[in-house]
Amino acid sequence: TDNVTFDDGYGPARLRRIFQLLVREKVPATFFVNGIYIKQAPDLWRRIAAAGYPIGNHSQLHRDMTTLTSEEIARDLGATRRAVEAATGRPILPYFRPPYGAHNAVTDRAAAAAGFPVVVMWDVTGGDSVRHATVAGVVSRAGAGRPGSIVLLHAGPSVTERALPAIIAGNKADGDNLPRARIA
C-alpha cells in the first residue's frame with residue numbers, strides 16, 4: 001500500500017477539491033502543511049482534521065532548515081504547531097517533513113527538541129511541483145512505488161488535482177483499496 005502524503009497547501013481551492021475527492025473515495029492521506037497556509041483557510045484545515053486526516057509539520061515558511069540555527073528551527077516549527085492547533089483544535093502530529101527534504105543531524109535534533117522527533121521523508125514523488133509537470137507524468141511517477149512507499153504530492157499545483165483521480169484509480173485497479181495508507 002502506498003502512503004499518500006500532501007505537502008504545502010498554498011492553493012486552498014485545489015486543496016478543498018483534493019480533500020473532497022479523498023473523502024469521497026475513502027482514501028486516507030497525511031498532510032504536511034506550512035503554517036502560513038493554515039491562515040489562508042483555517043476552516044478547511046479544521047474540516048480536514050475533523051475528518052481524521054493527520055497533519056504534520058512542514059515548517060512555517062518553507063525555508064531550508066539546514067540554513068537556520070536550532071533556535072530559528074524551534075521558532076519556525078513552534079509557529080506552525082500553534083497555527084495548526086489553533087485552526088483545528090487538535091494536536092499536530094509529532095512528525096516533521098523538512099522543506100526540500102533538506103535535513104541533517106542538527107536539524108533533526110532541533111526538530112526533536114521542538115516536539116517533532118519523527119522526520120518523515122518519501123521514496124516516491126509524483127513530480128507535481130516541477131515546472132511543466134503533466135498529468136500523465138505525475139500519475140506514472142506516483143504509481144512507481146512498491147508496497148509501503150511514501151508518495152509525495154503537493155496540495156497546491158493544479159496538476160495534482162487533475163492527476164489524483166487516476167492515481168487513486170490505478171491503486172484500486174491493482175487491488176489496492178488503500179485502507180492502510182495513513183502514516184499515523
Criterion side chain to side chain contact (heavy atoms under 4.5 Å, CB included) against V33, the qualifying member of N57, I55, L15, I92: I55
Nearest atoms (heavy-atom pairs only) where G127 meets A133: O-CB, 3.4 Å
Atom of M121, atom of I150 and distance for their closest heavy-atom approach: O-CG2, 3.4 Å
Sequence neighbours excluded - salt bridge (Lys or Arg N to Asp or Glu O under 4.0 Å) pairs with any residue from residues 104-114: none
Polar side-chain atom of N34 near backbone of I36 as donor-acceptor pair, under 3.5 Å: no
side-chain contact (heavy atoms from CB on, under 4.5 Å) evaluation trace for L93 with V118: CA-CA 9 Å; L93 287 176; V118 181; over 6 Å; no
Any donor-acceptor N/O pair, D64 side chain to T66 backbone, under 3.5 Å: yes
Candidates V151, T30, I48, L22 - the one meeting side chain to side chain contact (heavy atoms under 4.5 Å, CB included) with F6: L22
Sequence neighbours excluded - salt bridge (Lys or Arg N to Asp or Glu O under 4.0 Å) pairs with any residue from residues 122-134: D123-R146
Step-by-step side-chain contact (heavy atoms from CB on, under 4.5 Å) determination, T125 to R141: CA-CA 6 Å; T125 179; R141 283 188 288 282; 5.5 Å; no
Shortest non-hydrogen separation from A163 to V138 and the atoms involved: CB-CG1, 3.7 Å
Test side-chain contact (heavy atoms from CB on, under 4.5 Å) applied to A110 - qualifying residues, sequence neighbours left out: S70, I73
Set of residues satisfying ring-ring contact (aromatic ring centres under 6.0 Å, His included) with respect to F96, sequence neighbours excluded: none
S140: partners by side-chain hydrogen bond (donor to acceptor under 3.5 Å, both in side chains), with sequence neighbours left out: none
Qualifying ring pair (Phe, Tyr, Trp, His ring centres under 6.0 Å) pairs, either residue in residues 136-166, two or more places apart: none
Nearest-0.5 Å distance that lies between atom CG in L164 and atom CD1 in I18: 6.5 Å
Test side-chain hydrogen bond (donor to acceptor under 3.5 Å, both in side chains) applied to E85 - qualifying residues, sequence neighbours left out: none
Atom of R81, atom of A114 and distance for their closest heavy-atom approach: NH2-O, 2.9 Å
Side-chain donor/acceptor of R97 to backbone N/O of V120, under 3.5 Å: yes
Pairwise distance CD1(I168) to CG(L21) - rounded to 0.5 angstrom: 4.0 Å
Within residues 51-63 or reaching into it, pairs that qualify as salt bridge (Lys or Arg N to Asp or Glu O under 4.0 Å) - sequence neighbours excluded: R63-D76
Pairs touching residues 41-51 that satisfy side chain to side chain donor-acceptor pair (under 3.5 Å), sequence neighbours left out: D43-R46
Over all atoms of both residues, closest heavy-atom pair of Y53 and A29: CD2-O, 3.3 Å
Shared hydrophobic cluster for V106 and M65 (ILVMFWY, side-chain gaps under 4.5 Å): no
side-chain hydrogen bond (donor to acceptor under 3.5 Å, both in side chains) against T134, all qualifying residues, sequence neighbours excluded: none
Closest contact, heavy atoms only, I167 versus A142: CD1-CB, 3.7 Å
Pairs flagged by ring pair (Phe, Tyr, Trp, His ring centres under 6.0 Å) wherever residues 99-130 is involved - sequence neighbours left out: H62-Y100
Beyond-backbone contact of P54 with F32, side-chain heavy atoms, under 4.5 angstrom: no
V130-V159 co-clustered via ILVMFWY side chain contacts under 4.5 Å: no
Residue pairs fulfilling salt bridge (Lys or Arg N to Asp or Glu O under 4.0 Å) with at least one residue in residues 147-161, sequence neighbours excluded: R17-E161
CG-OG distance between D7 and S129, expressed to the nearest 0.5 angstrom: 8.5 Å
OG1 on T80 to OH on Y37, rounded to 0.5 Å: 11.0 Å
R82 side chain to G78 backbone, donor-acceptor under 3.5 Å: yes
